[in-house]
Amino acid sequence: MADAKREIERKYESEDSGLPDLTGVGPVAAVLDKGLMELDATYYDTADERLAAAALTLRRRTGGADAGWHLKFPVAPGVRDEIQAPLSDTVPEEIAALVRSRVRDAELVPLVRLRSARDVRHLVDTEGALLAEASVDAVTAERLSGRGGVAQWTEIEVELADGGDPALLDRLEKRLRKAGVRPSRSPSKLARALEQTAGGRRRKEAGPPPPVTAGDHVLAYLRAQRDALVELDPAVRRDLPDAVHRMRVATRRARSTLRTFGALLDRTVTDPVGTELKWLAGELGVERDQEVLADRLTTALDALPAALITGPVPERLTAWSRARHGGAHAHLGGVLDSRRYLALLDALDALLTDPPLRKAAGRKPGKALAKAVGKNEKKLTEVVEHALALPPGQDRDLALHEARKKAKRTRYAAEAATEALGAPARTLTKAMKSLTTLLGDHQDSVMARRTLRELAAVAHAAGESAFTYGVLYGREEARAAATEAELPGRWKEIRSGADR
């Protein structure tokens with residue numbers, strides 16, 4: 001099983017390649033010579049360097065204490081998450097899965113070999129605890145594809161110890177700069193190797209031009225959602241917090257965009273893609289809905305006085321949550337490995353590469369985008385007012401859930417049009433966010449009550465008291481009623497703002 005760690009480091013260049021004395025910098029009490037180690041790393045990528053384009057690095061390295069496969073994801077300047085797996089002859093499946101959204105069906109091939117003679121120093125405090133590791137690396141880079149260029153350089157690397165204070169790196173850099181050491185111009189050894197061994201073949205791809213037409217604005221928003229899907233894929237596989245939610249939102253935004261701007265994009269082409277986006281959102285929803293429910297029920301239970309908790313309610317809720325989450329996450333992993341999902345990513349790429357633009361897409365954005373947003377607002381108004389006219393009960397619950405979906409679509413349409421429409425679109429986006437939050441809380445209460453009934457039935461069948469589940473159910477019922485009571489006033493405020 002692959003392990004993960006947060007890597008915080010800085011790289012430097014020096015004319016004489018020397019490491020100045022760092023003793024006395026902040027809490028550094030001593031600098032210990034740990035000797036020279038030989039590192040040999042082969043970096044893998046697709047032939048067209050898709051991982052490098054995304055600032056991802058995948059290597060197989062021997063030598064040192066962490067020999068094995070390493071996959072690094074950028075988090076912030078100088079900060080990367082490193083996924084490690086044991087040495088093997090081929091890329092481990094758990095590593096390959098984390099780059100599948102970018103690699104797709106392309107083969108991962110050896111791209112660059114880096115051999116480093118690393119002179120290591122440990123920076124320790126007065127008790128001998130490791131604060132950071134500083135090293136001087138003499139690097140030889142060899143490109144393994146094309147003409148096989150070679151480059152050599154020396155660099156200084158300072159890596160913070162696990163759990164260390166990042167402020168120490170600032171203090172160390174101040175000392176290094178005084179000694180004539182300057183920050184490296186390359187974010188990683190691989191980036192420098194690719195640049196220096198390219199033989200003039202490697203070029204930085206230009207990004208898309210600024211949006212001008214109505215179609216440009218829609219495609220820019222759609223492209224951002226495609227990029228989010230690809231970037232969030234490994235985070236979802238790693239089960240990182242909020243990753244499923246963010247990926248589901250990107251999926252819904254993309255689908256909403258295709259439906260809202262049908263006057264600009266040919267729906268005979270985009271509707272099949274929209275169908276697949278709906279499927280993916282549904283699959284992501286299985287785990288996301290479980291996350292929301294578990295958090296809501298756990299928070300509600302924690303808020304109850306001890307006297308109102310009878311029977312093993314916390315234990316049953318924990319067991320239910322873990323079982324549902326484990327099953328949902330395993331299922332979602334299969335979805336992300338499926339041909340259907342990868343075909344969807346390919347279809348989005350194709351749509352953005354050769355967009356099915358209609359004549360209206362070439363017009364100025366203001367009127368065309370405002371018209372599409374206005375249609376969504378009109379549909380939302382009809383659905384909300386229909387829901388408000390219904391008596392409390394299941395029919396109203398369903399109508400409010402439909403209103404929430406329409407409000408989200410209106411919000412996403414306004415987001416896509418913000419750069420073109422400015423303040424009115426931003427105001428509408430804010431109003432729709434407020435409305436969807438309110439309606440979302442109501443829908444979460446509907447689902448929570450359904451789950452509480454199921455848990456109560458299981459507890460009763462096991463001979464346990466169902467009292468606490470009833471208490472929680474009553475509180476959820478009251479919470480939903482309060483939301484419904486608040487909705488007419490909130491809607492009136494939103495409509496008043498729209499009429500101004």
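Side chains are part of it too, since the values below use all heavy atoms of this structure and drop only hydrogens, waters and symmetry mates.
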Begin with the C-alpha distance, continue with both residues' side-chain angles, and end with the deciding distance and a verdict on side chain to side chain contact (heavy atoms under 4.5 Å, CB included) for Arg100 and Leu336. CA-CA 9 Å; Arg100 191 158 289 139; Leu336 298 185; over 6 Å; no
Asp289 and Arg248: salt bridge (charged side-chain N to carboxylate O under 4.0 Å, His left out), yes or no, with the steps? CA-CA 11 Å; Asp289 291 344; Arg248 189 186 190 192; 3.1 Å; yes
Okay, side chain of [X], backbone of [Y]: is any donor-acceptor separation there less than 3.5 Å?
{"X": "Asp242", "Y": "His245", "answer": "no"}
{"X": "Thr451", "Y": "Met447", "answer": "yes"}
{"X": "Arg10", "Y": "Leu172", "answer": "no"}
{"X": "Thr353", "Y": "Ala350", "answer": "no"}
{"X": "Arg238", "Y": "Pro234", "answer": "no"}
{"X": "Asp45", "Y": "Arg50", "answer": "yes"}
{"X": "Ser101", "Y": "Val230", "answer": "yes"}
{"X": "Thr429", "Y": "Ala425", "answer": "yes"}
{"X": "Arg143", "Y": "Leu194", "answer": "yes"}
{"X": "Thr275", "Y": "Asp271", "answer": "yes"}

Just checking, is any N or O donor in the side chain of [X] or [Y] under 3.5 Å from an acceptor N or O on the other one?
{"X": "Tyr221", "Y": "Glu415", "answer": "yes"}
{"X": "Gln84", "Y": "His70", "answer": "no"}
{"X": "Glu476", "Y": "Ser445", "answer": "yes"}
{"X": "Glu283", "Y": "His331", "answer": "yes"}
{"X": "Arg192", "Y": "Ser186", "answer": "no"}
{"X": "Tyr473", "Y": "Arg453", "answer": "yes"}

Asp137/Thr154 under side-chain hydrogen bond (donor to acceptor under 3.5 Å, both in side chains): CA gap, chis, key distance, verdict: CA-CA 6 Å; Asp137 294 352; Thr154 300; over 6 Å; no
Using a 4.5 Å cut-off on heavy atoms from C-beta on, say whether the side chain of [Y] contacts that of [X].
{"X": "Leu277", "Y": "Leu348", "value": "yes"}
{"X": "Thr42", "Y": "Val112", "value": "no"}
{"X": "Leu428", "Y": "Val373", "value": "yes"}
{"X": "Thr140", "Y": "Leu114", "value": "no"}
{"X": "Val28", "Y": "Val124", "value": "no"}
{"X": "Leu71", "Y": "Asp81", "value": "no"}
{"X": "Lys189", "Y": "Val139", "value": "yes"}
{"X": "Glu7", "Y": "Val79", "value": "no"}

Where do His325 and Gln290 land on the side-chain hydrogen bond (donor to acceptor under 3.5 Å, both in side chains) test, with the steps shown first? CA-CA 7 Å; His325 175 76; Gln290 164 61 25; over 6 Å; no
Roughly how far, to the nearest 0.5 Å, is [atom2] of [Y] from [atom1] of [X]?
{"X": "Tyr43", "Y": "Thr57", "atom1": "OH", "atom2": "OG1", "result": "6.0 Å"}
{"X": "Met432", "Y": "Lys408", "atom1": "CE", "atom2": "NZ", "result": "13.5 Å"}
{"X": "Arg60", "Y": "Ser88", "atom1": "CZ", "atom2": "OG", "result": "7.0 Å"}
{"X": "Leu51", "Y": "Arg102", "atom1": "CG", "atom2": "CZ", "result": "8.0 Å"}
{"X": "Leu130", "Y": "Glu159", "atom1": "CG", "atom2": "CD", "result": "9.5 Å"}
{"X": "Thr436", "Y": "Lys406", "atom1": "OG1", "atom2": "NZ", "result": "14.5 Å"}

On a heavy-atom basis, which atom in [X] and which in [Y] lie closest, and how many Å separate them?
{"X": "Pro356", "Y": "Thr270", "value": "CG-CG2, 4.0 Å"}
{"X": "Arg6", "Y": "Asp162", "value": "O-OD1, 4.4 Å"}
{"X": "Met37", "Y": "Gly64", "value": "SD-CA, 3.8 Å"}
{"X": "Leu131", "Y": "Leu160", "value": "O-CD1, 3.8 Å"}
{"X": "Pro272", "Y": "Arg267", "value": "CD-O, 4.2 Å"}
{"X": "Thr251", "Y": "Ala281", "value": "CG2-N, 3.7 Å"}

Walk me through whether Leu240 and Leu232 qualify under side chain to side chain contact (heavy atoms under 4.5 Å, CB included). CA-CA 10 Å; Leu240 296 184; Leu232 286 167; over 6 Å; no
Under the side chain to side chain contact (heavy atoms under 4.5 Å, CB included) rule, what do Val249 and Arg246 come out as? Steps first, then yes or no, please. CA-CA 5 Å; Val249 169; Arg246 292 164 61 203; 5.7 Å; no
Who pairs with Arg409 by side chain to side chain donor-acceptor pair (under 3.5 Å), at least two apart in sequence or on another chain?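 Scan of Arg409 (side chain to side chain donor-acceptor pair (under 3.5 Å), adjacent residues dropped) gives none.
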Residues in salt bridge (charged side-chain N to carboxylate O under 4.0 Å, His left out) with Asp66, at least two apart?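 So Asp66 forms a salt bridge (charged side-chain N to carboxylate O under 4.0 Å, His left out) with Arg61.
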Start with the C-alpha distance between Arg80 and Glu9, add both sets of side-chain angles, then the distance that settles salt bridge (charged side-chain N to carboxylate O under 4.0 Å, His left out), and finish with yes or no. CA-CA 9 Å; Arg80 294 186 290 183; Glu9 66 178 17; 3.2 Å; yes
For Arg104 and Asp349, what are the C-alpha separation, side-chain angles and deciding distance, and is it a salt bridge (charged side-chain N to carboxylate O under 4.0 Å, His left out)? CA-CA 12 Å; Arg104 315 283 171 82; Asp349 288 348; 2.9 Å; yes
Could I get the full list of ring-ring contact (aromatic ring centres under 6.0 Å, His included) partners for Tyr469, not counting sequence neighbours?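 Tyr469 satisfies ring-ring contact (aromatic ring centres under 6.0 Å, His included) with no residue once adjacent residues are dropped.
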Would you indicate whether Arg121, at its atom CZ, is surrounded by more than 12 heavy atoms from other residues, nucleotides or ligands within a distance under 6.0 Å?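 Yes - once you tally the heavy atoms of other residues, nucleotides and ligands closer than 6.0 Å, there are more than 12.
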Does Trp69 have Arg59 sitting over its ring (NZ/CZ under 6.0 Å from centre, angle to axis within 45°)?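 No.
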I would like to know whether Arg115 and Glu38 meet salt bridge (charged side-chain N to carboxylate O under 4.0 Å, His left out); could you show each step before the answer? CA-CA 7 Å; Arg115 285 168 289 177; Glu38 299 291 334; over 6 Å; no
Evaluate side-chain hydrogen bond (donor to acceptor under 3.5 Å, both in side chains) for Asp233 paired with Tyr341, printing each intermediate quantity in order. CA-CA 11 Å; Asp233 176 295; Tyr341 167 68; 2.7 Å; yes
